[in-house]
Q: 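Provided herewith is a single structure, encoded as structure tokens, for subsequent inquiry.
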Amino acid sequence: IGPHWVHALSNIRKKAITLNDPQFVLSEPLKNPDSPTRGCLPTGGKFYNQLEDALRVRNKWAHFEVDAIDLKQLLISVEVIHHLAISADMKVGKLCSEVKKRAKDILEGRYVASSAPAPQGPADELAAVHAELAVEQQRSATLAQEIEAAEVLLDEAARAPSGEPVVVEPDPETLEQRAIVEEKLAHLEFIFQSLLAAQEPQPEDATQASPPVVTRALPGHRWDGELPSRSTTLMGLKDDLFDPLISSGVAGEFGVNSTTQIKKWRPLVAPGATVLINDAGQAVSYINGIPTYLGSLTGEMAAAEATSTLSGFFIGHSYTLRLNGTIEDRESGDTLAQVNPGSAKKVGKTLMALIPNGGRLRVTTTGTVARYLAGEWVGVAKVRPEDWFPGQL
């Protein structure tokens, strides 16, 4: 059906489409009888039920709705994916078989781990990331040259004498690739800076007793200090953190403000998630694989934390600013133009002027739009709730 069918389908659906997105791959043929993807897939009620089951599994894990993170729960989910893979003759079916066998062997005590390779040292890891960073930088530069050359040719074509006006538009697939590469570059730069910081010498611990150490941090930002040693879990029905060592909640230890502070974290942290706390009451949890500072259980540092341009918390949504000015919710795939067309063009134009390369965005509860830059989230603009995605601010 042609090399540009993805772009054509994107125009029909009025949303950005990424072939690597399981949400699109599963829901597109399931919900759209006219979908071109149905042409390479089985048909019939049984197969569409398998698609629906697989989509349900995907959403359950993506939205942190899995009851228990254990091998038994994993087996249930992998079984669903395996049935779909067999029906559609997908290569992931073999992987599912291997995962099922490994999980069952572990559960039944038959699995013996092979000797693990020697772990890389910090210098080796840093060198590997640096090499990958160089490759992506070259790839980004090549795409930039392609875009620039295409724009020159299109400009020349537009100036050529013709009876019809010429609409000049850069190739959307090239722009999409550039946005993806830029985002990967930001991620690699983040890892590289983190590894550099980890190699810096740390001061020796004091041998005498001292008051609780307070690490300077802002809620919603990466926690760069030593991880707190006390491990707790966020309780599901009560605004408290459960400490298994004392078999009770910890809120009472940190004063009357602690439950109020914990309640603020729920949009970001799923019930049952691990929350690490230190003696000063500072709380850290892993969000998208990154140790992230949630705030203080005592509430005493709230005023200092609010002085940053990124005051408050990041809301539970992440966005992509495309090179054409489109702002997309990374989870739902909706664009600002779809849900708030009256403000999309103005907001997109403002952000493109500040972030010409586009990339990943976050927004705080105070309406600050942040872009990841040089190892940290940097506030670049303010947005009003009525100009943003409805109901998110």
Side-chain angles (χ1 to χ4, degrees), residues 1-10 12-13 15-66 69-108 110-117 128-129 131-132 135-136 139 143 172-174 176-177 179-181 183-184 187-188 191 288-289 320 330-333:
I1 57 176
H4 303 297
W5 71 270
V6 175
H7 180 57
L9 186 61
S10 176
I12 294 172
R13 301 286 182 252
K15 63 188 295 185
I17 289 174
T18 303
L19 291 179
N20 292 330
D21 179 11
Q23 174 73 23
F24 164 74
V25 172
L26 294 168
S27 65
E28 167 64 20
L30 176 65
K31 299 178 179 178
N32 300 286
D34 64 336
S35 175
T37 64
R38 285 197 175 193
C40 60
L41 292 171
T43 57
K46 179 182 177 182
F47 178 72
Y48 294 129
N49 287 341
Q50 290 176 341
L51 274 179
E52 187 172 15
D53 291 342
L55 184 60
R56 189 178 298 113
V57 165
R58 178 266 174 195
N59 291 340
K60 192 174 183 180
W61 285 88
H63 300 160
F64 309 105
E65 295 172 352
V66 180
I69 308 296
D70 56 28
L71 288 176
K72 290 182 180 179
Q73 182 64 55
L74 179 65
L75 275 171
I76 294 171
S77 297
V78 171
E79 190 71 36
V80 172
I81 306 301
H82 197 193
H83 286 317
L84 176 67
I86 292 172
S87 296
D89 193 23
M90 298 165 67
K91 292 181 180 179
V92 75
K94 183 176 184 296
L95 296 176
C96 288
S97 295
E98 294 172 357
V99 171
K100 286 162 61 177
K101 183 179 185 306
R102 174 74 63 86
K104 289 176 181 177
D105 285 348
I106 293 173
L107 289 171
E108 297 171 10
R110 295 191 302 270
Y111 178 72
V112 178
S114 59
S115 57
V129 173
E132 188 176 0
V135 171
E136 291 301 323
R139 186 179 171 200
L143 285 170
E173 292 187 9
T174 304
E176 176 75 10
Q177 289 177 21
I180 293 171
V181 169
E183 188 168 343
K184 186 173 182 181
H187 177 66
L188 287 171
I191 295 174
N288 293 330
T320 297
R330 292 163 62 89
E331 180 179 340
S332 68

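Heavy-atom basis, side chains included; hydrogens, waters and symmetry copies ignored. Note that the coordinates shown come from a computational prediction; the quantities given were computed from them, not determined experimentally.
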Q: Please name the pair of heavy atoms, one in P42 and one in S87, separated by the smallest distance, quoted to 0.1 Å.
A: CG-O, 3.3 Å
Q: With rounding to the nearest 0.5 Å, note down the distance linking CE in M90 to CG in L95.
A: 10.5 Å
Q: Looking at Y48 and L30, what are the two nearest heavy atoms and their distance?
A: O-CD1, 3.4 Å
Q: What residues form a side-chain hydrogen bond (donor to acceptor under 3.5 Å, both in side chains) with K100, not counting sequence neighbours?
A: E79, H82
Q: Quick one: CD1 on I76 to CD on Q73, what's the gap to the nearest 0.5 Å?
A: 5.0 Å
Q: Restricting to non-hydrogen atoms, name the atom on Q50 and the atom on L84 that form the minimum distance, rounded to 0.1 Å.
A: OE1-CA, 4.0 Å
Q: Assess whether atom CG of D34 is packed by more than 12 heavy atoms of other residues, nucleotides or ligands within 6.0 Å.
A: yes
Q: If you measure from CG on D53 to NE2 on H83, what distance do you get to the nearest 0.5 Å?
A: 9.0 Å
Q: Quick one, N59 with Q23, criterion side-chain contact (heavy atoms from CB on, under 4.5 Å). Give me CA distance, side-chain angles, the key distance, then yes/no.
A: CA-CA 8 Å; N59 291 340; Q23 174 73 23; 3.2 Å; yes
Q: Please give me the minimum heavy-atom distance between N32 and S27, naming the atom from each residue.
A: ND2-O, 4.2 Å
Q: Could you tell me which non-hydrogen atom of P22 sits nearest to which non-hydrogen atom of R58, and how far apart they are?
A: CB-CG, 4.0 Å
Q: Can you list everything that forms a side-chain contact (heavy atoms from CB on, under 4.5 Å) with L107? Sequence neighbours excluded, please.
A: L71, K72, L75
Q: Got a sec, which residues hit side-chain contact (heavy atoms from CB on, under 4.5 Å) with V99, two or more places apart in sequence or on another chain?
A: L74, V78
Q: Between P29 and F24, what is the shortest heavy-atom contact and its length?
A: CD-O, 4.1 Å
Q: Find the distance between NZ (K15) and OG (S332) and round it off to the nearest 0.5 Å.
A: 7.0 Å
Q: First locate atom CZ of R13, then atom NZ of K31, and finally report the distance between them rounded to the nearest 0.5 Å.
A: 11.5 Å
Q: Examine distances only and state if a side-chain atom of T18 and a backbone atom of N20 form a donor-acceptor pair shorter than 3.5 Å.
A: no
Q: In terms of side-chain geometry, is the basic nitrogen of E98 or R102 positioned less than 4.0 Å from the acidic oxygen of its partner?
A: no
Q: To the nearest 0.5 Å, what is the distance between NE2 (H4) and CG (L9)?
A: 14.5 Å
